[in-house]
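I have placed the structure first, in the form of C-alpha cells, so that the comments after it can refer back to it.
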Amino acid sequence: MPIPPASDPGALPRLRFCPAPSGWLHVGSVRAALYNVLHARRHGGTFVFRIEDTDASRATEESMRSMMEALHWIGLDWDEGPEADGGSRGPYGPYRQSLRGELYAEVARRLEEAGATYRDHRTSEELEAWRERQRQGGDGGPPVVKASTFEHSEEELTRFAEEGRPASLRLRTPESGSITVTDLVRGEVTWEWATISDPVIARSDGSATYPLANSVDDVAQGISIICRGEDLLSVTPRQVLLYGLLLTDGLLDEALAAVGLPARDPAWGAPEAFAHLPMVVGMDRKKLSKRHGSVAVQEFRRQGFLPETLRNYLALLGWAPKDGRERLNDDDLIAEFDLAAVGRSAAAFDVDKLTAFNGERIRELSEEELTDRLLPYLDGTEGDEALVDRPATDEQRAVVRGLVPLVQERMQRLDEVQRYAPAFLRDEVELDPDSVDKVFTKNGAPEAIAAARRVLADVEWTTAAIEAALRALPDELGIGFGKVAQPVRVAATGSAVSPPLFESLELLGREVSLARLDAALPVARAAQGS
RNA sequence: GCUCCCGUCGUCCAGCGGUCUAGGAUCCCACCCUUUCAAGGUGGUGACGCGGGUUCGAAUCCCGUCGGGAGUACCA
C-alpha cells in the first residue's frame, strides 16, 4: 500500500503475515495479509513479513519467491522481512525461519532445562496406533496427549537413551483448569486444558515445529497483534502458554544473546491481542480450491484484475465501513478499517462482484493510465500471444491509446483487450464464422458493403464525416441503419460485436478500412446463397 | 467421536429490543437509451435455519435444536 509507515516504534502496533512457502499465495491468505497491513497503516505501526519454512520437506524456494512477488504485485509491501535478493530488511531478522534454527534449538534447550518440556521417544507409528485405539474407544477418552500419561519413566528414559532412540520434545501443558483468550473478532474464547494435547515443539531430528518457531518469533520480533485465519484459533492456548515461558526469567532474551541474534526492544511484551479471521470459502461454501476458478493471486493478475480492485474487494470480504460505502481506495481503507468490526462468519468469494468492481475501476482510470495497464496484456507478459513488441513501439502504443476510448467502458477485465485489439493491430482481419453466418447471409449485406466502400472512398477521414456518410446510406438503399452498420462492422473488424463503428473505422484508417471492405465483399456474396 | 467457531436476500455487508411493510452492493429479470456489445438510467424478484422462552414488543437477549466450518500431525 502506498502510505509509508511511521518510523517511530514506540507503542505502535507490529503485525505480521507469515505464510508457509508451499504452493501459491491463496486469496484467503492475501486477505489476512491485507487486514494486517491495513491495521498497521491505520495506526502507524509496522508490517512484518516472515517466512515459516521450518518444515524442509514442504517449503520450496520457488514458492517463497512467488509469494513475495504476489504480495508485491498486489501492493502489500512489508516494512520488515526478506528481500528478493536473499537478504533481509529490518532490525529483527532474519525473517526466514530456516535461518533461525539455532535460536529455536537454544530456546528448546532452555525450556527443557526449566522443566517446561519432556522427551517423547515414541515413533510416529506408535503414536498413530495409540490415537487409533483412543478413537476406537479403547481406553476411553479422546486422543489427548498429556504428560501425566505420556511421560516416560526414568527407566524407560535411560533405556531409550542407551538404545540411541531419538526423542521429540513436548511442551508440558496444564493438566487441569482453563484458559480464556480475548479475540478482537470473536470475543472471549475458553478452553479446558484437559482437552489440549501437549504439542511437539522440537522434532526428533532437533528441528523446531510451528508451535515453537511461531511463538518465539512473534515474541522476539515484538508482534503486538496476531491477526490470522480462524484455522489457527485452536492453537492459541499453547501459544499463550509459551509466551509466558519465553518471557520468564529473560529466557528468550538470553537465548537471543547466546546465538547472536538482535535483542528485543525492552518495551515489548507478549502479543497483546488476537484477531482470528473467518475463512474465505467458495460460492458452494466449501473450502476454496481450483474448482472455484482461481485461488492463486497470480491467476487474478493474468485474468486482468487490478491489484487495487482486489484490495478493495478483499477488504470487504468480512468487513464493511460504518457508512456502508463499497468502493474504497487505499486511503479510505486505511482510514476506516477496524479489526474489531470484522464479521464472524465465513465469507464466500464472489468473482462476479469482484468483476463488477474491476469494471468500475477500469472506468475510473485516465486513458493514459489504462493504456499503460493494457500493454502487458498485449505484449505477451500476461498472455500467451504477443500482438505488440515489448516494449511497444510508438506506433503500437498509439494504436492502443486510440483504442482505449473505444473499449474503456465495455471492459470488465484488462485481458479482454485481447479480444478487441487484434482487428486494430494486425493487417489482416479474420472474419468470425458465426458473425459471417449471422450478418452476411442477410439480404442486402453485399450491397451495403459495396455502398459503404463507395461513399467512404473519398470522405474526410474523421469519425463525424464517416458517420455522416454511412448515415446517408439507409435512405439511398431503402433499408434500416442496422442493415448497413452490421455488415460493415463485420467486414471491418471481423466480428458482429465490436467497439463503436465510426470510431473504429477512423482508428483503422482509410486504407485498411477500404481494403477490408473489398476483401469482405466476395465473402458476403458467397454467403447469400446459404 | 472430542474441542472450538459460525448461522439476515444466491453471494458480500447493514441492522446492536420498538423508526424493519428488514436497507445497500453484486447477481438475475424487465423497461429506457442505442449502429453491435457494453456502459449508463429506472423499476422488480429475493433473506432474519427451526423450536421454545424473556419482554407490552425480538432479526436483535437466553436456552435448546438443526445445519455449516475449523482443529484433533514430529503441516502450518
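Note on naming: letters A, B, ... go to the chains in the order of the sequence lines (proteins, then strands), and numbering restarts at 1 for each one. Hydrogens, waters and symmetry mates play no part in the numbers below; they use all other heavy atoms, side chains included.
Nucleotide B:A58 forms a pair with no other nucleotide shown, judged by Watson-Crick or G-U wobble geometry with both contacts under 3.5 Å. Within the shown strands, nothing qualifies as a pairing partner of B:C27 under the Watson-Crick or G-U definition with both distances less than 3.5 Å. The partner of B:U65, taking Watson-Crick or G-U wobble pairs whose two distances both stay under 3.5 Å, is B:G49. B:G71 is paired with B:C2 under the criterion used here, namely a Watson-Crick or G-U wobble arrangement in which both key atom distances are under 3.5 Å. Nucleotide B:U19 is matched to nothing when pairs are restricted to Watson-Crick or G-U wobble geometry with both distances under 3.5 angstrom.
In summary, the aromatic rings of A:Phe305 and A:Phe357 are positioned with their centroids too far apart to meet the 6.0 Å limit.
Rounded to whole Å, the separation between the C1' atoms of B:G44 and B:C4 comes to 43 Å. Look at the P atom in both B:G43 and B:A58: the space between them is 33 Å, to the nearest Å. Separation of the P atoms belonging to B:U45 and B:G24 is 12 Å when rounded to the nearest angstrom. Spacing of P atoms, B:C62 relative to B:G18, comes out at 16 Å, to the nearest Å. For the P atom pair drawn from B:C28 and B:A38, the interatomic distance equals 11 Å after rounding to whole Å. Nucleotides B:G15 and B:C20, compared at atom C1', are 9 Å apart to the nearest Å. When the P atom is used for both B:G51 and B:A70, the distance is 28 Å, rounded to whole Å. Of the P atoms belonging to B:A22 and B:A59, the separation is 11 Å, rounded to the nearest Å.
Cation-pi contact between A:Arg122 and A:Phe150: present, with separation from the ring centre below 6.0 Å and deviation from the ring axis of at most 45°.
Screening residues 442-453 of chain A for side chain to side chain donor-acceptor pair (under 3.5 Å) gives A:Arg453-A:Asp518 as the qualifying pairs, with residues at least two apart or on separate chains. Annotation: salt bridge (Lys or Arg N to Asp or Glu O under 4.0 Å) contacts involving residues 165-181 of chain A, sequence neighbours excluded, comprise A:Asp120-A:Arg170, A:Glu126-A:Arg165, A:Glu151-A:Arg172.
In the set B:U26, B:C4, B:U11, the nucleotide with an atom closest to the side chain of A:Asp352 is B:U26.
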> Where along nucleotides 71-76 of chain B does protein come under 4.0 Å, by heavy atom, of base (B) or sugar-phosphate alone (S), with - for untouched nucleotides?
Replying inline: S-BBSB
>> For nucleotides 29-49 of chain B, give me one character per nucleotide, 5' to 3': B if any protein heavy atom sits under 4.0 Å from the base, S if the only such contacts are to the sugar-phosphate, - if neither.
In response: ------BBBBS----------
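A salt bridge does not link A:Arg410 with A:Glu416: none of the charged nitrogens is closer than 4.0 Å to a carboxylate oxygen. A salt bridge is absent between A:Glu360 and A:Arg363; no separation between the charged side-chain nitrogens and carboxylate oxygens falls under 4.0 Å.
Across all strands, A:Ser495 comes closer than 4.0 Å to no nucleic acid atom at all (heavy-atom distances).
A 4.5 Å side-chain heavy-atom check between A:Val145 and A:Trp130 finds at least one atom pair inside the cut-off.
Under the 3.5 Å distance criterion, the side-chain polar atoms of A:Arg516 are left unmatched by any main-chain donor or acceptor of A:Gly494.
To the nearest 0.5 angstrom, A:Tyr210 atom OH is 11.0 Å from A:Asp217 atom CG. In this structure, CD on A:Gln418 lies 9.5 Å from CZ on A:Arg413, to the nearest 0.5 angstrom.
Residues from residues 338-351 of chain A lying near RNA chain B, meaning a heavy-atom separation below 4.0 Å, are A:Arg344, A:Ser345, A:Ala346, A:Ala347, A:Ala348, A:Asp350 in numerical order.
Residues satisfying the salt bridge (Lys or Arg N to Asp or Glu O under 4.0 Å) test with A:Glu102, not counting sequence neighbours, are none.
You won't find any donor-acceptor pair under 3.5 Å spanning the side chain of A:Glu230 and the base of B:G69, going by distance alone.
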